[in-house]
Amino acid sequence: MSYCVKERAPSDFAKPPVNEPRESEQFLMQAPPGNPLLLPHTLQELLSKDSVQVELIPEKKGLFLKHVEYEVSSKRFKCSVYRRYNDFVVFHEMLLQKFPYRMVPALPPKRMLGADREFIESRRRALKRFINLVARHPPFSEDVLLKLFLSFSGSDVQNKLRELVQGVGDEFLTCRLATQAKDFLPADIQAQFAASRELIRNIYNSFYKLRDRAERIASRAIDNASDLLIFGKELSALGSDTTPLPSWAALNNSTWGTLKQALKGLSVEFALLADKAVQQGKQEENDVVEKLNLFLDLLQSYKDLCERHEKGVLHKHQRALHKYSMMKKQMMSATVQNKEPESVEQLESRIVEQENAILTMELRNYFSLYCLHQETQLIHIYLPLTSHILGAFVNSQIQGHKEMSKVWNELKPKLSCLFVGSSNMPTPPLSPPDGNFFSN
């Protein structure tokens, strides 16, 4: 396998000073034309940014514990690199550190011991969803963190990722619009934020239920395949039975022999039906369930972002205001009590520092709302994915039923000998016209 980026000397990845932004950060730091608050992207543009495949590499290494590795292939960077789960963890941590006000999708759990194949496959799918959402996110897609993660083939990718973030600061410190964010926000931003949060919470709940139903439909198709296969095998076993007929049943010997011969060959058709059912179930898992999971991961990252906004910058801002109020009271008390000038000056200095801290937190709060506004737009850009999902579901059902119907129709003529009686004349159908064996 060839890799597109070879391991470089540390100087090749040396981090620039804080006041000298990297070339890849110019995307964030330059004001786009028009209203910078509005995202100009379409769903197709986001999906075409990159397509990343995450495949399992056969287990190796370790005497007792076998480490799982993944081959991560980026269409955009034309690269294939090896990554461990812990590499994803560090990448995720650095994204959160650099972009605390953006939707960073969550990672699947690690689960140290007893990881069965089903869990490993489920985690592989989740990692694939994670990296594709990141690779298509407007700010992330232009950041050097993503490029390094998808293209660097050195053995110390985790240290390289940390070095890129160390001493640089988060998006608030590198974005030229950060201190002007308030000017671009609508006056009713708080009301809009609350309404958007409620709407997306409702959308999430509905899609969660849709995903569960889609999983059950796909699972039923696979269970149906298993039942069809066993059904065919039992018919074959019945036709292959070598138990001799008792003398009192000799009159029907030719009939039973004919039936056995017909039943014996039916397992092939039922195996084909089972294969078609498996194909339909797998297609629904890949084209319907996985797309629903992708959108749910995105919605969950929005919910997590809203929580970070409320418990993070907003909470810190409120605490800073409370601390400032207490300092002002102390200042008033010290003035009334005529305390020594030095202590009063120290208190004044602390108040000035706290005022600066409050100003910074206010700016961060507005920048957080600015980012939230853009992330809300991103959710709505992804909403047309619903039609893709429904289209995939309908196509899967049509194709699956069409292919199975063809096999059923091919099977029907082969049952003709089952309807021949002892006089070699056709017998009535297996069931009366109304489909009921029993009359009331």
Side-chain angles (χ1 to χ4, degrees), residues 38-54 72 74 76 88 91-93 95-96 98-109 122-143 145-146 149-150 171 192-193 195-215 285-310 368-393:
L38 302 179
L39 295 180
H41 306 285
T42 64
L43 175 62
Q44 191 56 43
E45 288 172 349
L46 292 181
L47 296 179
S48 63
K49 279 182 174 291
D50 200 357
S51 178
V52 186
Q53 300 300 319
V54 178
V72 181
S74 166
R76 174 188 175 189
F88 281 90
F91 178 54
H92 181 265
E93 290 173 355
L95 282 175
L96 276 175
K98 194 169 184 179
F99 299 98
Y101 310 121
R102 300 288 182 180
M103 294 186 297
V104 180
L107 285 176
S122 174
R123 190 173 69 177
R124 182 198 67 80
R125 288 174 177 264
L127 290 174
K128 180 181 176 182
R129 297 195 302 270
F130 162 80
I131 194 61
N132 274 284
L133 285 173
V134 170
R136 295 162 181 170
H137 189 285
F140 301 163
S141 65
E142 303 302 322
D143 193 80
L145 274 174
L146 177 71
F149 185 79
L150 291 178
E171 188 184 6
Q192 286 193 28
F193 168 57
S196 296
R197 190 176 186 182
E198 180 66 21
L199 172 63
I200 290 172
R201 184 187 294 115
N202 294 338
I203 292 174
Y204 176 88
N205 292 336
S206 293
F207 270 84
Y208 188 90
K209 294 174 183 176
L210 287 172
R211 192 276 314 276
D212 282 356
R213 293 297 128 177
E215 279 185 336
E285 284 182 350
N286 294 327
D287 296 345
V288 181
V289 177
E290 271 307 290
K291 287 179 181 177
L292 286 168
N293 278 327
L294 178 82
F295 193 49
L296 281 172
D297 289 349
L298 184 70
L299 293 171
Q300 183 61 53
S301 68
Y302 182 87
K303 292 171 64 180
D304 295 341
L305 176 61
C306 292
E307 191 170 337
R308 285 203 304 275
H309 172 75
E310 288 191 337
S368 178
L369 288 169
Y370 175 94
C371 293
L372 263 169
H373 196 292
Q374 290 191 327
E375 301 302 275
T376 305
Q377 294 175 59
L378 200 58
I379 293 289
H380 286 273
I381 292 173
Y382 266 98
L383 273 174
L385 192 64
T386 308
S387 62
H388 293 229
I389 296 169
L390 290 175
F393 177 63

Where Val54 and Lys128 come nearest, the two heavy atoms and their spacing | CG2-CA, 3.7 Å
Pro109 and Arg123 have their tightest heavy-atom pair at O-CD, 3.4 Å
Ignoring hydrogens and geometry, is there a side-chain-to-backbone donor-acceptor pair from Arg308 to Arg102 under 3.5 Å?
-> yes
With side-chain contact (heavy atoms from CB on, under 4.5 Å) as the test, would you mind laying out the steps for Glu171 and Cys371 before giving the verdict?
-> CA-CA 10 Å; Glu171 188 184 6; Cys371 293; 4.2 Å; yes
Over all atoms of both residues, closest heavy-atom pair of Pro40 and Glu45 | O-OE1, 3.7 Å
Evaluation steps, side-chain contact (heavy atoms from CB on, under 4.5 Å), between Ile131 and Leu150 = CA-CA 9 Å; Ile131 194 61; Leu150 291 178; 4.0 Å; yes
Phe149: partners by ring-ring contact (aromatic ring centres under 6.0 Å, His included), with sequence neighbours left out = Phe88, Phe91
Distance-only donor-acceptor check, side chains Tyr302 and Glu375, under 3.5 Å | no
Heavy-atom closest pair, residues Leu145 and Asp143 | N-OD2, 2.9 Å
For Phe393, check ring-ring contact (aromatic ring centres under 6.0 Å, His included) against everything at least two apart and list the hits.
-> none
Decide yes or no for Ser301 and Leu133: does some side-chain heavy atom of the first lie under 4.5 Å from some side-chain heavy atom of the second?
-> no
Looking only at heavy atoms, what is the nearest atom pair of Ser368 and His309, with distance?
-> OG-ND1, 2.7 Å
Going from NZ on Lys49 to CG on Asn132, what distance comes out if it is rounded to the nearest 0.5 angstrom?
-> 13.5 Å
Can you check whether Pro105 reaches Leu298 side chain to side chain, under 4.5 Å on heavy atoms?
-> no
What do the steps show when you test Glu215 against Arg211 for side-chain contact (heavy atoms from CB on, under 4.5 Å), and what is the final call?
-> CA-CA 6 Å; Glu215 279 185 336; Arg211 192 276 314 276; 3.5 Å; yes
Can you list the steps and then say if Leu38 with Gln377 is a side-chain contact (heavy atoms from CB on, under 4.5 Å)?
-> CA-CA 8 Å; Leu38 302 179; Gln377 294 175 59; 4.1 Å; yes
Provide the closest heavy-atom pair for Ser141 versus Ala135 in the form atom of the first, atom of the second, distance.
-> CB-O, 3.2 Å
Is there a donor-acceptor pair under 3.5 Å between the side chain of Ser196 and the backbone N or O of Phe193?
-> no
Could you grab the distance from atom OH of Tyr101 to atom CG of Leu96, nearest 0.5 Å is fine?
-> 12.0 Å
Output a table of donor-acceptor pairs, distance under 3.5 Å, between side-chain atoms of residues 380-390 and any protein atom two or more places apart or on a different chain; print 'none' if there are none.
unit_1: Thr386; atom_1: OG1; unit_2: Leu383; atom_2: O; d: 2.8
unit_1: Ser387; atom_1: OG; unit_2: Pro384; atom_2: O; d: 2.7

Criterion side chain to side chain donor-acceptor pair (under 3.5 Å) on Gln300 and Tyr204, from CA distance to verdict = CA-CA 8 Å; Gln300 183 61 53; Tyr204 176 88; 3.3 Å; yes
Validation row: Leu372, Cys306 side chains within 4.5 angstrom (heavy atoms) = yes
Between atom CG of Leu46 and atom CZ of Arg136, what is the distance when rounded to the nearest 0.5 Å?
-> 9.0 Å
Could you check if a side-chain atom of Leu378 sits within less than 4.5 angstrom of a side-chain atom of His137, using non-hydrogen atoms only?
-> yes
Considering residues at least two apart in sequence or located in another chain, which fulfil the side chain to side chain contact (heavy atoms under 4.5 Å, CB included) criterion with Glu290?
-> Arg125, Arg129, Asn293
Inter-residue atom distance Leu107.CG - Phe130.CZ, 0.5 Å rounding = 4.5 Å
Salt bridge (Lys or Arg N to Asp or Glu O under 4.0 Å) filter on Arg201, not counting sequence neighbours, yields Glu198
Distance col, row Leu299:CG vs Ile379:CD1, nearest 0.5 angstrom, shows 5.0 Å
State the CG-CD1 distance between Leu296 and Ile203, to the nearest 0.5 angstrom.
-> 11.5 Å
Got a sec, which residues hit side-chain hydrogen bond (donor to acceptor under 3.5 Å, both in side chains) with Asp50, two or more places apart in sequence or on another chain?
-> Ser74
